[in-house]
Amino acid sequence: MARNTRPISWIKAARKDFDTFPESAQLEIERALTVAAEGGKADIAKPMKGLGSGVFEIALAYRGNAYRTVYALQLDADLWVIHAFQKKSKTGRETSQSENDLIRERIKRLKEALQ
């Protein structure tokens, strides 16, 4: 039976940042994105609070570093990768306010572009 897989689209800046991640970290995150595109949720993905429904963060701990990739499901037929970054904060697990602001701004601009 064929799966109904959504296309995965990238905001250009998110792809550029993602491409700087170590190759094996990229593979893990791409695997999680594929699960989401197929209608599931990988165990390393969780809903992001305060950014609206359908916005998820993939959180990968890799060799002492933390890599994050944020995607949105409810903007379009595609799964949109909004942001990718290496988390630098040493104060807890929360995503920083500046990262959240950037994600909000990218979602807003993407919604406008898709109209």
Side-chain angles (χ1 to χ4, degrees):
M1 187 172 101
R3 290 186 175 143
N4 187 11
T5 303
R6 299 169 86 147
I8 298 173
S9 296
W10 293 76
I11 287 180
K12 197 182 294 181
R15 184 76 218 198
K16 190 175 165 195
D17 292 337
F18 181 79
D19 287 343
T20 68
F21 291 5
E23 194 173 333
S24 41
Q26 288 183 30
L27 289 172
E28 280 293 308
I29 291 168
E30 286 170 346
R31 212 171 285 134
L33 288 170
T34 300
V35 169
E38 292 174 348
K41 186 177 85 56
D43 56 354
I44 60 172
K46 64 182 186 354
M48 282 198 80
K49 292 177 176 61
L51 292 171
S53 63
V55 179
F56 292 82
E57 178 179 52
I58 296 168
L60 178 67
Y62 178 79
R63 294 188 178 169
N65 293 308
Y67 296 95
R68 303 286 193 259
T69 303
V70 177
Y71 65 91
L73 291 170
Q74 295 180 347
L75 297 178
D76 190 29
D78 295 9
L79 177 154
W80 277 92
V81 180
I82 305 295
H83 188 36
F85 62 103
Q86 182 178 348
K87 191 166 179 300
K88 306 277 192 202
S89 169
K90 302 292 181 227
T91 56
R93 300 171 62 175
E94 293 296 309
T95 302
S96 74
Q97 188 60 48
S98 62
E99 299 289 357
N100 280 335
D101 290 345
L102 179 61
I103 294 162
R104 256 188 214 94
E105 182 61 29
R106 286 184 177 173
I107 290 171
K108 183 178 156 221
R109 284 198 311 244
L110 182 60
K111 281 180 179 173
E112 290 167 359
L114 292 171
Q115 286 181 345

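Keep in mind that what you see is a predicted model, and the values were worked out from it rather than measured. Scope of the values below: all heavy atoms of this structure, side chains included, with no hydrogens, waters or symmetry mates. The first residue of the sequence shown is numbered 1, and numbering continues consecutively from there.
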Reported [atom1]-to-[atom2] distance for the pair [X] and [Y], which is rounded to 0.5 angstrom:
X	Y	atom1	atom2	result
S96	D101	OG	CG	8.5 Å
D76	Q115	CG	CD	11.5 Å
M48	L51	CE	CG	5.0 Å
R68	I103	CZ	CD1	10.5 Å
I44	I29	CD1	CD1	6.5 Å
R104	I82	CZ	CD1	13.0 Å

Full working for side chain to side chain contact (heavy atoms under 4.5 Å, CB included) between I11 and V81: CA-CA 6 Å; I11 287 180; V81 180; over 6 Å; no
Minimal non-hydrogen separation, [X] against [Y], with atom names:
X	Y	result
A37	L79	N-CD1, 3.7 Å
L33	Y71	CD2-CD2, 3.8 Å
K41	A45	NZ-O, 2.8 Å
Q26	T20	NE2-N, 4.4 Å
A42	V35	N-CG1, 3.6 Å
R6	A77	NE-O, 3.0 Å

Residue E23 excluded, over 12 heavy atoms near CD under 6.0 Å: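 For E23, atom CD is not crowded (no more than 12 foreign heavy atoms under 6.0 Å).
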Hphob cluster co-occupancy, F56 + W10, side-chain heavy atoms under 4.5 angstrom: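 Yes; W10 is reachable from F56 via cluster members.
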Same apolar cluster (I L V M F W Y, side chains within < 4.5 Å links), V70/I58: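 Unlinked, V70 and I58 end up in two clusters.
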Min side-chain heavy-atom separation D78-I8 under 4.5 Å: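 No. Closest side-chain heavy atoms not under 4.5 Å.
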Does [X] pair with [Y] as a salt bridge, N-O distance under 4.0 Å?
X	Y	answer
K16	D19	no
E30	R15	yes
E28	R31	yes

Side chain to side chain contact (heavy atoms under 4.5 Å, CB included) evaluation trace for F21 with Y62: CA-CA 10 Å; F21 291 5; Y62 178 79; over 6 Å; no
Step-by-step side chain to side chain contact (heavy atoms under 4.5 Å, CB included) determination, T5 to T34: CA-CA 8 Å; T5 303; T34 300; 5.7 Å; no
Between S53 and Q74, a side-chain donor and acceptor under 3.5 Å: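 There is such a pair (donor and acceptor under 3.5 Å, judged by atom type) between the side chains of S53 and Q74.
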Parallel, tilted or perpendicular: ring planes of H83 versus F85, cut at 30 and 60 degrees: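 The arrangement is parallel - the two ring planes meet at less than 30°.
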Stepwise side chain to side chain contact (heavy atoms under 4.5 Å, CB included) test for L114 and W80: CA-CA 11 Å; L114 292 171; W80 277 92; 4.0 Å; yes
